[in-house]
Amino acid sequence: MNIKKTAVDLLLGYLSDKPMEKLPVMFSIAEKIDKEHLFEPQITAMKKALLEEDGNWRRLTEDLFNEVDLKVLQKLVSCFVVNENLEGWARSRAAEEKYDCNIPWAILMDPTSACNLSCTGCWAAQYGNKNNLSYETMDSICRQGKELGVYFYIFSGGEPLVRKDDIIRLCEAHRDCYFFAFTNGTLVDEKFCKELLRVGNFALAFSIEGNEEATDMRRGKGTYQKVIKAMELMKKYKLLFGYSTCYHRYNTESVGSDEFIDDMIRRGCRFSWNFTYMPVGKDAKLDLLATPEQRAYMYNRVREIRATKPIFAMDFWNDGEFTEGCIAGGRRYLHINAAGDVEPCAFIHYSNVNIHDVSLIEALKSPLFMAYRRGQPFNHNHLRPCPLLDNPEALARMVKESGAKSTDMQAPEDVDELCSKTIPAAEKWAPEAERLWAENPKSQKILEKYTCS
């Protein structure tokens, strides 16, 4: 019998009865599965955090065991923890060496460009609303991805749940994968919650902008209450979910407040994704860009949340120190829009290739993706990771040298025009980022790494 499979089965079995008491044994099993010690630092850190009595991370774990269905937790462990982060990671690193290109940790794709809302400043609206990836195409992307060690698939849009029946089909066809969607929440109903519970390997992040006033300002009157109702249904069915928010000039203090975060935790959210506003598209509103002070506030606030509250908070830009810079271009993820264009990032709409014409590995070796690989990290200060928001000259250079074309269907945007909108923000953020980075203990290690290389 396969020793690894036996270890995984044993690990999953421990989840079913008094799991908190069995954490030490579960960590021992995880260490045995991680034969190549690829995740030894992470496992050690988790062990220290979760075995600490009355610790914040232990409270989060207890909440998960008490409030999320056992099958959902078992799928999270088997598909996301074991397949994606233990087995898949080793395979993807081997593929990266074989093909000499970036191999992603996750693939983000848009099942549709259609959406039932029209949110202010939404970059997805620039694609138009008539494109769809067929079920067969999405299934092929998953199959190709698994060959490269990718077991984590994220959906955005448009509103991905417009295609919820096909997404559930994917969950059934790829039971060894974990699926995740950013959703406005308005299409979540009892029937869908029962389907989520049945498949077990699909989680949601509800888009919300802070309190009711801030959310309805960008997403339309009544949207906040619809999101809250969706969260109530998810909690009722003991499903795993969290929230995502786009912080900007007018809501940063709201989404970072104790009042908002404690309310989200009380409603059942176990994780949060925090994104800063990006001025993508011809009609992008520049006044929504967060100020340097607000971005610094979120940098400190997210770390405080992680240390004091039972929710796993992530910041797509400000957590660059943990990923050593930009994660796009297939380094950790890539984006496939509803027309099939393979883009390095969901926020940067340029591409050389379309998934209907090339394989996944050919897309990863395309000129724009290889330009990303050569350029990463775009800044040795990993609090300035982004080639658009923080280093716009880098994005302009890569798009031009690769010959990539705008994938904006409504009004293709010249890269110099796009970058002109972020140059002032990059210049204003730079001194604040340098101050924060100088105070960060990782900065000296990173400096030494690049000085010696």
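Residues: numbered from 1 along the sequence shown.
With a 4.5 Å cut-off on side-chain heavy atoms, P377 and E324 do not count as touching. Residues I336 and I107 are in side-chain contact: their nearest non-hydrogen atoms beyond the backbone lie under 4.5 Å apart. At least one side-chain heavy atom of H335 sits less than 4.5 Å from a side-chain heavy atom of S156. Using a 4.5 Å heavy-atom threshold, the side chains of R397 and C419 count as separate. Using a 4.5 Å cut-off on side-chain heavy atoms (C-beta onward), C193 and V188 make contact. Contact annotation: the side chain of M231 approaches that of M264 to within less than 4.5 Å [non-hydrogen atoms, C-beta and beyond]. Residues C246 and E209 have side chains in contact (heavy-atom distance under 4.5 Å, counting atoms from C-beta outward). Taking 4.5 Å as the limit, some side-chain heavy atom of L364 sits within range of a side-chain heavy atom of P104.
G329 and F369 get closest at one heavy-atom pair: O-CD2, 3.2 Å. Nearest heavy-atom pair, A30 versus I43, reported as atom, atom and distance to 0.1 Å: O-CD1, 3.9 Å. Across every non-hydrogen atom of F271 and A205, the tightest pair is CE1-CB, 4.0 Å. Between R306 and A313, the shortest heavy-atom distance links the atoms NH1-O, 2.6 Å. Minimum interatomic distance between A425 and L289 (heavy atoms only, all atoms of both residues): CB-CD1, 4.4 Å. Of all non-hydrogen atoms in P385 and R295, the two that sit nearest each other are CD-NH2, 4.1 Å.
Taking the ring centroids of Y151 and F80, they lie at or beyond the 6.0 Å cut-off. In this structure, Y224 has its ring center at least 6.0 angstrom away from the ring center of F206.
Taking the ring-ring contact (aromatic ring centres under 6.0 Å, His included) definition, one finds that F182 meets it with F180, W273, F275, sequence neighbours left out. For R374, the side-chain contact (heavy atoms from CB on, under 4.5 Å) partners are M370, A371, E401, not counting sequence neighbours. Every residue two or more places apart in sequence or in another chain that forms a side-chain contact (heavy atoms from CB on, under 4.5 Å) with D139 is listed here: Y135, R143, L170, A173, H174. E172 pairs by the side chain to side chain donor-acceptor pair (under 3.5 Å) definition with R198, not counting sequence neighbours. Legend: residues meeting ring-ring contact (aromatic ring centres under 6.0 Å, His included) with F192, ordered by chain and number and at least two apart, are absent.
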Requested in this report: Check step by step if side chain to side chain donor-acceptor pair (under 3.5 Å) holds for W105 and E84.
Outcome: CA-CA 8 Å; W105 172 74; E84 170 65 13; 3.2 Å; yes
Report task. Test side chain to side chain donor-acceptor pair (under 3.5 Å) on Y178 and N85 and set out the steps. Result -> CA-CA 11 Å; Y178 203 78; N85 286 299; over 6 Å; no
Query - Audit row: K400, D416, salt bridge (charged side-chain N to carboxylate O under 4.0 Å, His left out) steps and yes/no - result: CA-CA 10 Å; K400 291 174 182 177; D416 286 328; 2.9 Å; yes
Report task. Verify side chain to side chain donor-acceptor pair (under 3.5 Å) between N337 and D110, making sure each step is shown before the conclusion. Result -> CA-CA 5 Å; N337 70 23; D110 300 344; over 6 Å; no
Query - From CA spacing to verdict: side-chain contact (heavy atoms from CB on, under 4.5 Å), H248, K285 - result: CA-CA 11 Å; H248 53 79; K285 297 182 179 298; over 6 Å; no
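Of the residues listed (L418, L389, T422), the one engaging L395 in a side-chain contact (heavy atoms from CB on, under 4.5 Å) is L418, and it is the only one. None of H349, E343, E413 except one satisfies the side chain to side chain donor-acceptor pair (under 3.5 Å) rule with T407; the exception is E343. Each of R373, R332, R331 was checked for a side chain to side chain donor-acceptor pair (under 3.5 Å) with N102, and the lone residue meeting it is R373.
Using a cut-off of 4.0 Å between Lys/Arg side-chain N and Asp/Glu carboxylate O, R303 and E321 are scored as salt-bridged. Salt bridge absent: K229 and E232 never bring a charged side-chain N and a carboxylate O closer than 4.0 Å. A salt bridge links R267 with D263: the closest approach of a Lys/Arg side-chain nitrogen to an acidic carboxylate oxygen falls below 4.0 angstrom. With respect to the salt-bridge test (charged N to carboxylate O, under 4.0 angstrom), the residues K309 and D258 qualify. One finds a salt bridge joining R435 and E432 here, because a Lys/Arg side-chain nitrogen approaches an Asp/Glu carboxylate oxygen to under 4.0 Å.
In this structure, Y333 and F316 have perpendicular ring planes: the angle between them is above 60°, well past the 30° mark.
At distances below 3.5 Å, not a single donor-acceptor pair connects side-chain atoms of N131 with backbone N or O atoms of S113. Under the 3.5 Å distance criterion, the side-chain polar atoms of T245 are left unmatched by any main-chain donor or acceptor of N274. Without hydrogens or angle criteria, N352 side chain to S402 main chain gives a donor-acceptor distance under 3.5 Å. With R249 contributing its side chain and D287 its backbone, the two residues share a donor-acceptor pair below 3.5 Å. S254 places a side-chain N or O within donor-acceptor distance of the main-chain N or O of N211, the cut-off being under 3.5 Å. Side chain of N440 to main chain of L436: no donor-acceptor pair is present (N/O by atom type, distance under 3.5 Å, no hydrogens or angles). Put simply, the side chain of T137 never gets that close to the backbone of L133: no donor and acceptor are under 3.5 Å apart.
Atom CZ of F202 sits about 10.5 Å away from atom NZ of K164, to the nearest 0.5 Å. Distance check, rounded to the nearest 0.5 Å: OG of S244 to CD1 of I208 gives 9.5 Å. If you take CG on L108 and CZ on F152, they are separated by 9.5 Å, rounding to the nearest 0.5 Å.
Applying the side-chain hydrogen bond (donor to acceptor under 3.5 Å, both in side chains) test to residues at least two apart or on different chains, the pairs with a partner in residues 64-80 are E67-R270.
Checked by atom type, the side-chain pair N379/N391 shows a donor-acceptor distance below 3.5 Å. Using modelled atom types, one finds no donor on one side chain facing an acceptor on the other under 3.5 Å when comparing N184 with S207. A donor and an acceptor atom, one from each side chain of Y350 and D341, are nowhere located under 3.5 Å apart. Side-chain atoms of E159 and T183 form a donor-acceptor pair, as typed in the model, at a separation below 3.5 Å.
In the displayed structure, M46 atom CE is contacted under 6.0 Å by at most 12 heavy atoms of other residues, nucleotides or ligands. The neighbour count for K238 NZ, taken as heavy atoms of other residues, nucleotides or ligands under 6.0 Å away, is above 12. Within a 6.0 Å sphere centred on NZ of K405, other residues, nucleotides and ligands contribute 12 heavy atoms or fewer. For E190, the CD atom sits in a packed shell: over 12 heavy atoms of surrounding residues, nucleotides or ligands are nearer than 6.0 Å.
Both tests hold for R93 against W89: distance to the six-membered ring centre under 6.0 Å, angle to the ring axis within 45°. The side-chain tip of R384 does not point at the ring of W437 from less than 6.0 angstrom away and within 45° of straight on.
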